[in-house]
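One structure is given below, encoded as structure tokens.
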Amino acid sequence: MPELPDVEVFRRYLGSTALHQTIDEVGVRSKRLLKGLSERTLRSHLKGRSIQQTDRHGKYLLAGVKANEWLVLHFGMTGFLKYFKNENKEPEYTQMLISFKNGFHLAYVAPRKLGQIFLIDSKKTLIEEKELGPDVLDGDFDLQAFKEALFRSRGMIKSTLMSQKIMAGIGNIYSDEILFQARIHPKATVDRLDRDQRGRLFRALKRVLRKAIEVQADPQRLPSSYLISHRDPEERCPRCKGKVEKIEVSGRSGYYCPRCQSR
DNA sequence: ACATTGACCTGAGAGC
DNA sequence: TGCTCTCAGGTCAATG
């Protein structure tokens with residue numbers, strides 16, 4: 001679930017719910033998710049404060065609690081946020097619970113515990129420490145920047161799109177969609193892509209991610225012309241009606257249309 | 001230095 | 001029904 005569009009939806013959700021609410025208590029269920037800090041440290045840094053602003057870089061969500069102090073949330077494969085009032089409405093698999101003075105709670109939910117929670121002084125530091133590439137929806141990430149990002153990569157295009165060090169935000173699902181719309185084979189070698197293909201890829205990337213955010217990252221609300229709802233070998237390509245194929249690329253499973261995305 | 005693979009967790013769904 | 005097996009959108013460390 002949580003690729004860039006999902007995390008952006010979480011960010012907006014946070015901004016329309018918990019923003020400016022005074023934090024009363026913080027509880028951590030799974031210490032495994034805390035990176036480089038204890039529950040006690042986290043609590044002492046959050047208690048009495050409030051989330052004053054939100055930000056995002058790639059798949060990382062930032063919640064600013066004071067000058068030079070941000071709570072960073074990463075959602076792994078299964079994480080999400082839930083803001084609720086009634087105590088007995090606490091979601092199953094809640095790993096961290098922030099309770100506010102107004103009686104509401106913010107649950108960080110992650111059934112698979114693959115996420116990360118930590119504190120950082122700035123977005124810049126986060127980018128440096130995680131060695132993240134540019135956020136793909138940042139205004140500065142234009143065609144020129146995209147081409148520069150591709151320049152030092154010689155692997156397969158699907159892996160390159162998913163590399164957070166090369167560019168931040170794209171995961172397995174959306175990489176398939178972007179490649180489908182650009183009509184490029186997932187295993188195509190980056191250094192063999194011509195100028196036209198790179199242009200198509202860049203435009204598809206921006207278009208797909210913006211559209212996904214527009215529909216609240218709900219796959220069911222994406223156009224039926226998208227591959228996303230046809231990710232199954234039993235499904236047919238929405239464009240040519242040919243069979244969708246499943247392949248393995250760098251250990252991840254990918255779906256594509258062999259006819260529309262020839263090598 | 002780079003690309004790829006396995007490990008990390010645990011639930012859901014498929015197959016028997 | 002219940003058991004076992006495989007797979008899952010994430011990153012990270014180890015390997016080639």
Side-chain angles (χ1 to χ4, degrees), chain A residues 1-10 28-36 56-61 72-81 91-96 108-118 120 126-133 135-136 148-180 186-193 205 208-209 211-213 215-222 226-235 244 246-256:
Chain A
M1 196 204 314
E3 301 183 33
L4 186 152
D6 310 272
V7 179
E8 176 60 19
V9 171
F10 297 162
V28 176
R29 308 290 152 72
S30 179
K31 285 203 288 188
R32 168 177 299 278
L33 295 168
L34 298 181
K35 304 295 170 180
R56 184 189 55 71
H57 189 87
K59 303 172 187 172
Y60 290 86
L61 173 58
V72 181
L73 300 177
H74 186 279
F75 298 92
M77 296 215 270
T78 57
F80 62 94
L81 296 174
E92 201 179 359
Y93 310 120
T94 295
Q95 309 297 351
M96 177 178 70
Y108 168 99
V109 190
R112 253 152 83 201
K113 299 182 184 172
L114 288 174
Q116 303 175 26
I117 298 171
F118 54 95
I120 205 124
L126 172 70
I127 292 166
E128 284 171 7
E129 283 192 3
K130 299 288 180 183
E131 299 181 273
L132 299 171
D135 180 275
V136 292
E148 279 169 22
L150 290 188
F151 193 68
R152 60 195 177 93
S153 177
R154 262 161 288 100
M156 296 180 280
I157 184 62
K158 180 173 164 66
S159 309
T160 300
L161 291 174
M162 287 197 292
S163 167
Q164 304 304 299
K165 293 187 182 184
I166 295 173
M167 60 188 91
I170 301 168
N172 201 28
I173 295 277
Y174 287 103
S175 65
D176 280 356
E177 189 62 50
I178 291 161
L179 288 162
F180 172 69
K187 287 190 174 179
T189 313
V190 175
D191 55 12
R192 297 251 189 97
L193 294 176
L205 180 160
V208 166
L209 298 180
K211 186 69 183 177
I213 292 170
V215 301
Q216 311 289 311
D218 178 356
Q220 301 210 307
R221 289 179 59 201
L222 285 169
Y226 274 44
L227 179 70
I228 209 156
S229 52
H230 307 276
R231 288 172 54 84
D232 192 293
E234 297 302 310
E235 287 282 339
V244 169
K246 181 181 183 178
I247 49 165
E248 188 171 304
V249 183
S250 304
R252 311 302 303 276
S253 56
Y255 294 86
Y256 76 112

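Here is the naming used below: chain letters follow the sequence lines, and residue numbers restart at 1 for every chain. These values consider heavy atoms only, across backbone and side chains, with no hydrogens, waters or symmetry-generated copies.
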Any base atoms under 4.0 Å from [X], or only sugar-phosphate, or nothing? Heavy atoms, all strands.
X	value
A:K246	sugar-phosphate
A:S163	nothing
A:Y93	sugar-phosphate

Which nucleotide in [options] has an atom nearest any side-chain atom of [X]:
X	options	result
A:R32	B:dC2, C:dG9, B:dC9	B:dC9
A:R112	C:dT11, C:dG9, B:dC9	B:dC9
A:Y60	C:dT11, C:dG9, B:dC9	C:dT11
A:S253	B:dC8, C:dG9, C:dG10	C:dG9
A:R252	B:dC8, C:dG9, B:dA3	C:dG9

Just checking, is any N or O donor in the side chain of [X] or [Y] under 3.5 Å from an acceptor N or O on the other one?
X	Y	result
A:H230	A:E235	yes
A:K246	A:S253	no
A:Q95	A:K31	no

Length of the [atom1]-[atom2] vector between [X] and [N], whole Å:
X	N	atom1	atom2	answer
A:E129	C:dT11	CD	C1'	15 Å
A:E248	B:dG6	CD	C1'	12 Å
A:K187	B:dA3	NZ	P	16 Å
A:L114	B:dG11	CG	C1'	12 Å
A:E131	C:dC12	CD	C1'	11 Å
A:F151	B:dA1	CZ	C1'	15 Å
A:K158	B:dA3	NZ	P	16 Å
A:M77	B:dA12	CE	P	15 Å

For a quick test of reading the model: is some side-chain N or O of [X] closer than 4.0 Å to OP1 or OP2 of [N]?
X	N	answer
A:K130	C:dC12	yes
A:K113	B:dC8	no
A:T78	B:dC9	no
A:Q164	C:dC12	no

**Report entry** Atom NZ of A:K35: over 12 foreign heavy atoms under 6.0 Å
**Finding:** yes
Query raised in the report: Are A:F10 and A:F75 close enough that their ring centers fall under 6.0 Å?
Result: yes
Query raised in the report: Can you tell me how far P in B:dG11 sits from the matching atom in C:dC12, rounded to whole Å?
Result: 23 Å
Requested in this report: For C:dT11 versus B:dA1, give the span between their P atoms, rounded off to a whole number of Å.
Outcome: 22 Å
Query raised in the report: So which nucleotide does C:dG9 pair with, by the Watson-Crick or G-U wobble rule with both distances under 3.5 Å?
Result: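 Checking every strand shown, C:dG9 finds no partner, since no pair has both distances under 3.5 Å.
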Query - B:dC9: pairing nucleotide in any strand, Watson-Crick or G-U under 3.5 angstrom - result: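 Answer to the pairing question: none, since B:dC9 forms no Watson-Crick or G-U pair.
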Query - Main-chain N/O of A:G254 paired to A:D176 side chain as donor or acceptor, under 3.5 Å - result: no
